[in-house]
Novice: 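Pasting a structure below so you can have a look.
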Amino acid sequence: MKEKKNNIEKIGKKRKKLENTKGKTRGTWKNGRTLSEDIRLIRRGIREFEKILPKQMRHVLFKSILGACIPTVAVFASAWILNELAQGQRKERLFWF
């Protein structure tokens, strides 16, 4: 409990340092947190998720990377097909696509 209280006090002190004369904070997003605070919260969430479901985060990360790569493969294949059609070479290769 004391650790949470100390962390809250440290964050409050950091915010006070960031305040300028007009009362606005520099380097903060709309939610009032800095980028480093957001990263800290994300890392904490990942650790909590890992405690609840061990090794599940690896699966989620792999699935996300694979899901992001699949559309790029389709784009490259489409570019290859268009390139073959535009150049008029090796039309027998288009049969395999």
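These numbers come from a predicted model, not from an experiment.
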Novice: Between atom CD1 of Ile39 and atom OG1 of Thr34, what is the distance when rounded to the nearest 0.5 Å?
Specialist: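 Ile39 atom CD1 to Thr34 atom OG1 measures 8.5 Å (nearest 0.5 Å).
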Novice: What residues, two or more places apart in sequence or in another chain, satisfy side chain to side chain contact (heavy atoms under 4.5 Å, CB included) together with Leu53?
Specialist: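 If we apply the side chain to side chain contact (heavy atoms under 4.5 Å, CB included) test to Leu53, skipping adjacent residues, the hits are Phe49, Gln56.
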Novice: So which pairs with a foot in residues 49-66 pass salt bridge (charged side-chain N to carboxylate O under 4.0 Å, His left out), sequence neighbours left out?
Specialist: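 Listed once each, the pairs are Glu48-Lys51.
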Novice: Are Ile52 and Ile46 linked, directly or through intermediate hydrophobic residues, by side-chain heavy-atom contacts shorter than 4.5 Å (ILVMFWY only)?
Specialist: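 Yes, because Ile46 and Ile52 connect within a single hydrophobic cluster, where side-chain heavy atoms sit under 4.5 Å apart.
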Novice: Using the side chain to side chain contact (heavy atoms under 4.5 Å, CB included) criterion, which residues pair with Ser64? Sequence neighbours excluded.
Specialist: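 Testing Ser64 for side chain to side chain contact (heavy atoms under 4.5 Å, CB included), a comparison that skips the adjacent residues, returns Val60.
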Novice: In the hydrophobic clustering (ILVMFWY, side-chain contacts below 4.5 Å, transitive), which residues join Ile65, or is it alone?
Specialist: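 Under the 4.5 Å side-chain rule, Ile65 groups with Leu61.
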Novice: Considering only distance and modelled atom types, tabulate donor-acceptor pairs under 3.5 Å from the side chains of residues 67-79, sequence neighbours left out.
Specialist:
from	atom 1	to	atom 2	distance (Å)
Thr72	OG1	Cys69	O	2.5
Ser78	OG	Ala74	O	2.9

